[in-house]
Amino acid sequence: MYRILVINPGSTSTKVSIFEDRKEIAAESVFHDAPELLQYENVNDQVPMRVQVCLDFLKKNGVKPEDIDIFIGRGGGAYPQKPGVTVIDERLVEDTYHTVGGSDHAAKLGVLCAWALGSKYGKPMYTLDPTNIDQLIDEARITGIKGIYRRSQLHALNHRAVAMTHAANMGKKYSECRFVVAHIDGGVTVAAHEYGKIIDTTEGAGGDGPFAPTRLGSVPVLGIVRFLEEGHTLEELKKMCSRAGGFVDHFGTSDADKVFALVKAGDPHAITVWNAMKYQVVKSIGEMAAVLCGNVDAILLTGGLVRYQDIIDYVKEHCGFIAPIVVYPGEMEQEALCHAVLRALNGEGEINTYPGRPVWEGFDWDGHEEEEGWKKK
């Protein structure tokens, strides 16, 4: 029997679980409001705090860290990778720490925390489906600026887990289905899943797609220019992409319950912002449905904010004509992380080694130059 610790840091929480083989025997989700996290200059500085969350959780459940057999952490921040289980090694940790993939999101802390604990106690460490798995079609990459490409940055772990679960519920394989999946939580990402691949997506922590409790979402370029001309710094802008935008900038909190309480109390600012977030979600769903030519087997809603019936009803009203809408509240990430690693260890799946380079390195016409956070051929 394997005793496994699953570590899943997000933009507003740290989720930790203890599994004995496939059975989850203890779990906790620790909420971190934005003011708490913004005390840290960068995401890497949160590692000691997030590790302590893990240690406190283990102690509370009477488990010593040295008694854990496998440490599994959510991933992101390194170079874009292919889907699946990957060994956490020094090269992956180094690239994750330095955010060579260009997205400084809290998901990277899963790899860093698993490494901090696993390397200390001499135990194996794995990750699964990082935030930047890259299966995009070429048309999804191009922008109107030569050499600037849209990237695959999304809640890939939960997207794929929910899509695979729903395919199975339909009696089909994931590779046989077409879905639009919307993960709606501290961050929002909406993606087109076609026959087992995520061919297009909003770029979650990259200033693209719907805004969210912690993220600014898509903003007109000249609006960004004006923001900087008014004296705001580039560092402020980067933080707003993943940590300090959306509800945080409007209301000083990433706690959706507090914002929704204002909505129920009739606060006009809160009502307008809340409705605008829903509006932008359905716009993105419509875009991804168009990518799939309207041939959508289901629209899958997931993430922490689908606990609000208000959001579900709005999506059904605006997108119900496209395809059936199915809700998977919360996330399936803890189980997905654990079960995928166990399957791989049992010989039922591949275990990848991080290659230290992106799976897509540019078009033939790009030449051989290198850019910060992105390597081309």
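Treat the numbers as computed from the prediction; the structure is a model and nothing was measured.
- No side-chain heavy atom of Tyr354 sits under 4.5 Å from any side-chain heavy atom of Val87.
- Judged by distance alone, the side chains of His250 and His269 do bring a donor and an acceptor atom under 3.5 Å apart.
- Relative orientation of the His166 and Tyr328 rings is perpendicular, given thresholds of 30° and 60° on the angle between their planes.
- The shortest non-hydrogen separation linking Lys258 to Thr253 is CD-OG1, 3.9 Å.
- No side-chain heavy atom of Pro80 sits under 4.5 Å from any side-chain heavy atom of Ile133.
- The main-chain N or O of Arg3 is found under 3.5 Å from a side-chain atom of Asp69 such that the two form a donor-acceptor pair.
- At least one donor-acceptor pair under 3.5 Å links the side chain of Ser218 to the backbone N or O of Gly209.
- Comment: Arg22 does not engage Glu335 in a salt bridge, judged by the lack of any side-chain N to carboxylate O separation of less than 4.0 angstrom.
- Judged purely by distance below 3.5 Å, without hydrogens or angles, the side chains of Asp366 and Tyr149 pair a donor atom with an acceptor atom.
- With respect to Asp104 and Lys108, a salt bridge is recorded, a charged nitrogen being found less than 4.0 Å from a carboxylate O.
- Without hydrogens or angle criteria, Thr233 side chain to Glu236 main chain gives a donor-acceptor distance under 3.5 Å.
- Here the options are Leu112, Leu109, Leu117, Val53, the test is side chain to side chain contact (heavy atoms under 4.5 Å, CB included), and the partner is Ile7; only Leu117 passes.
- A side-chain donor-acceptor contact under 3.5 Å links Asp33 to the backbone of Ser254.
- Between Asp297 and Arg178 there is no salt bridge, since none of the side-chain N atoms of the basic residue sits less than 4.0 Å from a carboxylate O of the acidic one.
- Within the 4.5 Å cutoff, the side chain of Glu24 has no heavy atoms near those of the Ile18 side chain.
- Side-chain contact, His32 with Thr14: a donor N or O sits under 3.5 Å from an acceptor N or O.
- Salt bridge annotation for Lys239-Glu235: absent, with no cationic side-chain nitrogen under 4.0 angstrom from a carboxylate oxygen.
- The side-chain heavy atoms of Arg141 and Phe363, taken from C-beta on, include a pair separated by under 4.5 Å.
- In this structure, Phe227 and His232 have parallel ring planes: the angle between them is below the 30° cut-off, well short of the 60° mark.
- The existence of a salt bridge linking Asp249 and Arg215 is excluded, since no basic side-chain nitrogen approaches an acidic carboxylate oxygen closer than 4.0 Å.
- Residues satisfying the side chain to side chain contact (heavy atoms under 4.5 Å, CB included) criterion with Asn346, sequence neighbours excluded, are Glu348.
- Side-chain atoms of Asn8 do not come within 3.5 Å of backbone N or O of Arg74 as any donor-acceptor pair.
- Between the side chains of Thr189 and His155, at least one donor N or O sits under 3.5 Å from an acceptor N or O.
- In this structure, a donor-acceptor pair under 3.5 Å is present between the side chains of Ser13 and Lys15.
- The side-chain heavy atoms of Thr12 and Thr214, taken from C-beta on, include a pair separated by under 4.5 Å.
- You'll find the side chain of Leu92 stays beyond 4.5 Å of the side chain of Trp115, heavy atoms only.
- Ion pairing between Lys278 and Asp310 holds under the 4.0 Å rule for side-chain N and carboxylate O.
- By the 4.5 Å heavy-atom criterion applied to side chains, Thr202 and Val188 are not counted as neighbours.
- Contact check on Lys120 versus Glu66 returns no salt bridge, with no Lys/Arg side-chain nitrogen under 4.0 Å from an Asp/Glu carboxylate oxygen.
- For Lys82 and Asp134, the salt-bridge test fails: no basic side-chain N is under 4.0 Å from an acidic carboxylate O.
- Using modelled atom types, no side-chain atom of Thr201 and backbone atom of Glu203 make a donor-acceptor pair closer than 3.5 Å.
- Leu157 pairs in a side chain to side chain contact (heavy atoms under 4.5 Å, CB included) with only one of the listed residues (Val162, Leu128, Thr131), which is Leu128.
- Under the 30°/60° scheme for interplanar angles, the aromatic rings of Trp274 and Phe247 are found to lie parallel.
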